[in-house]
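Here's the structure, in structure tokens; my notes come after.
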Protein chains: 2
Amino acid sequence: MNKARTSPRHRHQSSRTSGHERQASLISAATSLFAAKGFTGTTTKQIAKAAGVSEALLFKHFPSKHALYTAILAEKAQYSELREAVEEATNKRDDERLFTLLASYRIKKCADPTMLRLLLFSALEGHELSTMFFQQQYRVFHDLLAGYIRRRIEDGAFRPVDPVLAAKAFLGIILHHRLLHDILGLPMRLSHEALVVEYVSLFLSGLIRQSPDS
Amino acid sequence: MNKARTSPRHRHQSSRTSGHERQASLISAATSLFAAKGFTGTTTKQIAKAAGVSEALLFKHFPSKHALYTAILAEKAQYSELREAVEEATNKRDDERLFTLLASYRIKKCADPTMLRLLLFSALEGHELSTMFFQQQYRVFHDLLAGYIRRRIEDGAFRPVDPVLAAKAFLGIILHHRLLHDILGLPMRLSHEALVVEYVSLFLSGLIRQSPDS
DNA sequence: ATGGTGAGTAAGTATTCACTCACTAGTGAA
DNA sequence: TTCACTAGTGAGTGAATACTTACTCACCAT
């Protein structure tokens with residue numbers, strides 16, 4: 001792996017990697033392995049191999065396998081993104097847009113179920129950071145949505161339901177969808193767009209035919 | 001099953017258990033361990049200890065740890081229950097009753113998240129029977145519900161939504177709830193009954209205030 | 001009694017696990 | 001050049017791991 005350099009002349013690409021880079025590559029390798037096979041299902045040897053280093057080096061960067069896992073959860077827990085778009089829709093009181101945004105964000109991302117798998121594994125395996133990880137990943141949307149629903153109820157636009165429960169229900173629909181298709185691998189019969197439209201309409205309008213309107 | 005004493009000195013409690021009983025006790029012990037810690041997280045030693053036998057005996061009954069796991073999934077996959085009640089509601093076209101029944105069945109059972117954990121672990125860990133297991137556990141309700149919704153649409157009682165998607169959405173709401181509270185351990189603010197009522201009403205009537213009716 | 005059978009186990013085996021240690025080599029500053 | 005420092009590793013360590021072997025004992029029909 002070294003390119004062999006005794007000579008002073010430029011070594012393209014230093015033969016040594018900085019500590020931070022190495023740490024990042026270890027985290028990246030470990031993330032996909034932990035997401036694929038869980039904490040107990042992944043060995044430090046596999047992680048080291050995936051990162052292209054010796055197992056010993058892994059332990060130079062992280063005192064234990066567990067610490068590496070914790071570092072991953074802590075790192076991945078923080079991100080926002082999407083906030084602005086959502087908040088704009090929020091202010092405009094554009095129900096359909098807001099719900100569509102949330103749904104399609106979650107559903108489109110299905111290409112990469114890593115985070116979801118990581119979350120589920122950590123919850124099932126009972127890692128101490130799992131709740132925190134969950135909070136960061138879901139609480140954001142949850143609280144935002146619940147707040148929006150509450151306001152729309154005050155507007156008189158929504159029925160007087162429990163906003164927290166309603167938010168949970170909507171996120172549940174989306175999560176369940178991802179569970180079935182991204183994790184269990186069931187085939188999807190419809191396009192993403194059609195799915196999102198249908199789910200949003202279902203949630204906003206309910207199932208019962210309200211009036212023979214029009 | 002024999003207690004039977006030929007020997008002079010009574011030995012407390014039959015010294016031997018029948019093969020089937022032992023097999024059952026191994027399966028029972030293994031089920032809770034696999035549900036708690038997953039396949040890779042559980043060792044054959046732990047299972048044997050929980051069943052109160054030697055590790056060697058486990059391998060007399062099951063050729064491998066994997067085979068034991070498979071036997072569990074295959075066994076737990078088959079059960080019906082609840083069918084009659086649901087089918088009655090189905091025939092009566094009693095929407096609220098049917099949905100309430102489904103929801104409360106799932107939610108009340110929260111006391112024992114074993115099956116759900118087993119299901120999720122098997123899905124995440126990629127066991128070959130996970131899909132089958134899932135089919136048996138969920139497909140029943142899913143198909144039943146989808147069929148019912150389809151009929152009610154034909155009746156003109158429900159809006160013309162996609163019945164399969166609608167069924168999925170409702171089950172998603174319930175599953176998500178269990179995920180949050182049974183697996184992640186988040187506290188519940190409402191009673192089971194209130195929750196079920198709210199979820200059902202939400203799903204049936206939707207969120208948007210339809211008309212200033214009555 | 002006796003011999004066949006199935007329940008049961010103690011004590012392995014080979015391998016893999018997370019983790020260490022003793023050590024080499026590249027690098028930048030003095 | 002030297003030297004301190006850090007990136008990096010091969011070759012371990014003891015403890016588990018899944019699974020085996022060779023054996024003992026209880027029971028029962030002959």
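The shown structure was predicted, so the numbers you read here are calculated from the model rather than taken from an experiment. All chains are named by letter (A, B, ...) in the order of the sequence lines, taking the proteins before the strands, and each is independently numbered beginning at 1.
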Subject >> Interatomic distance, A:E21 CD vs C:dT27 P [rounded to whole Å] >> reply: 13 Å
Original post:
What orientation do B:Y138 and A:H176 show, parallel under 30°, tilted 30 to 60°, or perpendicular over 60°?
Top reply: tilted
Original post:
Between atom CD1 in B:I47 and atom C1' in D:dC19, what is the gap in whole Å?
Top reply: 13 Å
Original post:
Salt-bridged, B:D182 to B:R117, with N to O below 4.0 Å?
Top reply: no
Original post:
Looking only at N and O atoms, is any donor in the side chain of B:K60 or the base of C:dT9 less than 3.5 Å from an acceptor on the other one?
Top reply: yes
Original post:
Would you say B:L116 and B:L175 make side-chain contact, with heavy atoms under 4.5 Å?
Top reply: yes
**OP:** Take atom CG of B:L57 and atom P of C:dT5, then tell me their distance rounded to the nearest Å.
**Re:** 19 Å
Original post:
When the distance from CG of B:L26 to P of C:dA7 is rounded to whole Å, what number comes out?
Top reply: 12 Å
**OP:** Report the relative orientation of the aromatic rings in A:H66 and A:H127; use parallel for angles under 30°, tilted for 30 to 60°, perpendicular for over 60°.
**Re:** parallel
**OP:** Choose from D:dA18, C:dA7, D:dG8 the nucleotide whose nearest atom is closest to any side-chain atom of A:R22.
**Re:** D:dG8
Original post:
Does A:S54 make a side-chain N or O approach to OP1 or OP2 of D:dG8 shorter than 4.0 Å?
Top reply: no
Original post:
Atom CD of B:E55 and atom P of C:dG12: how far apart are they, to the nearest Å?
Top reply: 15 Å
**OP:** Go through C:dC17, D:dC19, D:dT9 for me and flag the one nearest to the A:T43 side chain.
**Re:** C:dC17
Original post:
The side chain of B:F59 lies closest to which of these nucleotides: D:dC19, D:dT9, D:dG8?
Top reply: D:dC19
Subject >> Phosphate OP1/OP2 of D:dG8 contacted by A:T17 side-chain N/O (<4.0 Å) >> reply: yes
**OP:** Write down the distance between NZ (A:K37) and P (C:dT16), rounded to a whole number of angstrom.
**Re:** 13 Å
Original post:
Relative to the 5' end of DNA chain C, which residue comes earlier, A:T40 or B:H61, by the nucleotide with the nearest heavy atom?
Top reply: B:H61
Original post:
What about B:Y69 and B:F34, are their ring centers closer than 6.0 Å?
Top reply: yes
**OP:** Please report, rounded to the nearest Å, how far the P atom of D:dA15 is from the NZ atom of B:K45.
**Re:** 12 Å
Original post:
Can you check the A:H20 NE2 to D:dA7 P distance for me, whole Å?
Top reply: 9 Å
Original post:
Between D:dA18, C:dC21, C:dA18, which one does the side chain of A:A56 approach most closely?
Top reply: C:dC21
